[in-house]
Protein chains: 2
Amino acid sequence: METVVENQKIRTAKKLEKMFGHIDYKNPPELCPVRDVMSVASDQWSTLILLWLGFFHVLRFNKLKKYVYGISNKVLSQRLKVLEADGYLKRKAYKEVPIRVEYSLTEFGQTYVEKLLELTEWMQTNSPKVLANREKYGLL
Amino acid sequence: METVVENQKIRTAKKLEKMFGHIDYKNPPELCPVRDVMSVASDQWSTLILLWLGFFHVLRFNKLKKYVYGISNKVLSQRLKVLEADGYLKRKAYKEVPIRVEYSLTEFGQTYVEKLLELTEWMQTNSPKVLANREKYGLL
DNA sequence: TTCATAAGGTTACTTTTTGTAACTTACTCT
DNA sequence: AGAGTAAGTTACAAAAAGTAACCTTATGAA
């Protein structure tokens with residue numbers, strides 16, 4: 001039993017070595033694409049935007065704003081631009097009045113949402129544990 | 001071929017429905033534990049701290065600071081406190097002079113790091129694509 | 001014809017979060 | 001007595017995020 005956990009720890013460390021081991025830790029973030037890309041894609045607001053798009057497939061600006069509860073116009077529009085630039089979603093504007101704009105995932109974005117979903121499922125499963133830990137810690 | 005992708009999209013949306021579908025989107029973030037827990041654990045600095053701990057198993061404050069390149073004392077100590085409170089890592093202080101403090105993952109933290117690692121592997125695989133997208137977008 | 005409305009933002013201004021760098025503590029070694 | 005060391009903390013500056021008012025363009029009602 002113990003060794004199963006230990007072996008898992010070792011496997012994990014090996015993968016991390018593959019990822020970080022060859023990188024000189026003195027490198028600034030600009031030279032680490034993983035950090036760069038990750039900081040955009042796994043930002044809290046970006047995550048919520050992408051997940052809701054994964055759910056609805058197509059959403060307009062104001063609907064998105066409604067579902068990504070608490071986001072401001074400013075941040076929503078800024079994140080949508082960046083996520084579009086990075087290729088996760090596409091924007092389609094119809095020249096009607098008032099203007100209609102539809103956001104949806106690209107195929108690339110869809111694959112990312114699937115990964116993201118796994119993480120979110122972990123969160124869903126484990127958040128009670130975390131909240132319990134937090135409470136226990138509060139008493140110290 | 002098309003239908004495979006389509007079916008995947010539908011499966012994803014179904015999972016998302018399970019996660020978000022029953023939540024009234026008008027709920028503030030305080031009432032959504034998933035958002036709450038996730039905003040701590042998948043913060044950029046937290047992620048890096050946990051991954052490096054997954055790699056080294058035990059790290060002292062100043063070593064962590066060295067590997068989590070660019071983090072400030074202030075933010076590092078703040079994140080370590082929160083991650084400890086949430087149960088991802090443990091702090092062990094030795095009453096020597098100068099003081100020695102060792103940080104390591106809890107077993108719970110270890111399971112999270114494994115999930116996180118999958119996401120990071122995705123990033124590693126796909127960051128070239130994102131950088132390419134970004135460049136293409138820049139030309140528009 | 002003037003006015004209200006609507007979607008999808010943008011802008012100016014305030015508040016919060018981060019970053020920077022100097023300082024603290026407590027004991028040991030010179 | 002003074003320097004050095006690890007693990008932080010603190011005061012102040014810079015950057016990011018939140019807030020709320022405003023813009024655009026055209027349609028339909030008054």
Side-chain angles (χ1 to χ4, degrees), chain A residues 26-30 32 35-36 38-49 52-53 56 58-86 89-104 137 140, chain B residues 25-30 32 35-36 38-49 52-53 56 58-85 89-104 137 140:
Chain A
K26 291 191 215 72
N27 273 347
E30 305 86 86
C32 179
R35 275 182 70 167
D36 178 358
M38 202 152 162
S39 73
V40 169
S42 65
D43 157 89
Q44 195 202 167
W45 293 125
S46 300
T47 299
L48 288 169
I49 291 168
W52 281 116
L53 281 177
F56 283 108
V58 177
L59 279 172
R60 296 169 63 177
F61 190 90
N62 282 314
K63 277 280 181 196
L64 254 171
K65 198 187 159 191
K66 214 164 166 177
Y67 284 97
V68 182
Y69 190 85
I71 200 169
S72 64
N73 284 14
K74 195 177 86 170
V75 171
L76 177 54
S77 93
Q78 190 248 309
R79 288 298 190 287
L80 286 171
K81 268 179 207 160
V82 175
L83 291 171
E84 193 193 357
D86 279 10
L89 55 82
K90 44 186 184 287
R91 195 192 108 110
K92 189 165 183 183
Y94 298 85
K95 289 189 197 330
E96 304 171 356
V97 170
I99 189 172
R100 180 160 61 99
V101 179
E102 291 182 344
Y103 291 94
S104 56
Y137 188 86
L140 308 183
Chain B
Y25 61 79
K26 292 191 215 70
N27 273 345
E30 306 84 86
C32 180
R35 273 182 72 168
D36 177 358
M38 202 152 161
S39 72
V40 170
S42 66
D43 157 88
Q44 194 203 167
W45 293 124
S46 300
T47 299
L48 288 170
I49 291 168
W52 281 115
L53 281 177
F56 282 108
V58 177
L59 279 172
R60 297 169 63 176
F61 190 90
N62 282 314
K63 276 282 180 195
L64 255 171
K65 198 186 158 192
K66 214 163 166 177
Y67 285 98
V68 182
Y69 190 86
I71 199 170
S72 65
N73 283 15
K74 195 177 87 171
V75 171
L76 178 54
S77 93
Q78 189 248 311
R79 289 298 191 286
L80 286 170
K81 269 179 207 159
V82 176
L83 290 172
E84 191 193 357
L89 56 80
K90 44 186 186 288
R91 195 192 109 111
K92 189 166 182 183
Y94 297 86
K95 290 189 196 333
E96 305 171 355
V97 169
I99 190 173
R100 180 160 60 100
V101 179
E102 290 182 345
Y103 291 93
S104 57
Y137 189 85
L140 308 182

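Here is the naming used below: chain letters follow the sequence lines, and residue numbers restart at 1 for every chain.
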Going from NZ on Lys90(B) to CG on Leu53(B), what distance comes out if it is rounded to the nearest 0.5 angstrom?
10.0 Å
Leu80(A) CG to Ile71(A) CD1 distance, which is reported to the nearest 0.5 Å
7.5 Å
Under the salt bridge (charged side-chain N to carboxylate O under 4.0 Å, His left out) definition, can you give me all pairs with a residue in residues 69-85 of chain A, not counting sequence neighbours?
Asp43(A)-Arg79(A)
Just wondering, do Tyr69(B) and Arg35(A) contact through their side chains at under 4.5 Å, heavy atoms?
yes
Whole Å only: how far is the NZ atom of Lys63(A) from the P atom of dA6(C)?
14 Å
Give the rounded distance in Å between these two atoms: CD1 of Ile49(B) and C1' of dA7(D).
15 Å
If the cut-off is 4.0 Å, is Asn62(A) near the phosphate of dG8(C), judged by side-chain N/O to OP1 or OP2?
yes
Within the 4.5 Å heavy-atom criterion, are Leu48(B) and Tyr67(B) side-chain neighbours or not?
no
Between atom NZ of Lys65(A) and atom OG of Ser72(A), what is the distance when rounded to the nearest 0.5 Å?
7.5 Å
Which of residues 74-85 of chain A have a heavy atom under 4.0 Å from DNA chain C?
Lys74(A), Ser77(A), Lys81(A)
Taking the side chain as every heavy atom from C-beta outward, state whether Leu89(B) and Tyr103(B) have any pair of such atoms under 4.5 Å apart.
yes
Between CG of Asn73(B) and C1' of dA21(C) the distance, given in whole Å, is 10 Å
Could you tell me the separation between the CG atom of Asp43(A) and the P atom of dT18(C), rounded to a whole number of Å?
12 Å
Please state whether the phosphate of dG18(D), meaning OP1 or OP2, lies under 4.0 angstrom from any side-chain nitrogen or oxygen of Trp45(A).
yes
If only side-chain N and O atoms of Tyr103(B) are considered, is one of them under 4.0 Å from the OP1 or OP2 phosphate oxygen of dG8(D)?
yes
For the backbone of Asp36(A) and the side chain of Ser39(A), can you confirm whether one donor and one acceptor N or O come within less than 3.5 Å of each other?
yes
Please confirm whether the shortest side-chain N or O distance from Arg60(A) to OP1 or OP2 of dG8(C) is below 4.0 Å.
yes
When you measure from every atom of DNA chain C, which of residues 90-100 of chain B have a heavy atom less than 4.0 Å away?
Val97(B)
So Tyr137(B) and Asp86(A), side-chain contact (heavy atoms from CB on, under 4.5 Å) or not? Walk me through it.
CA-CA 8 Å; Tyr137(B) 189 85; Asp86(A) 279 10; over 6 Å; no
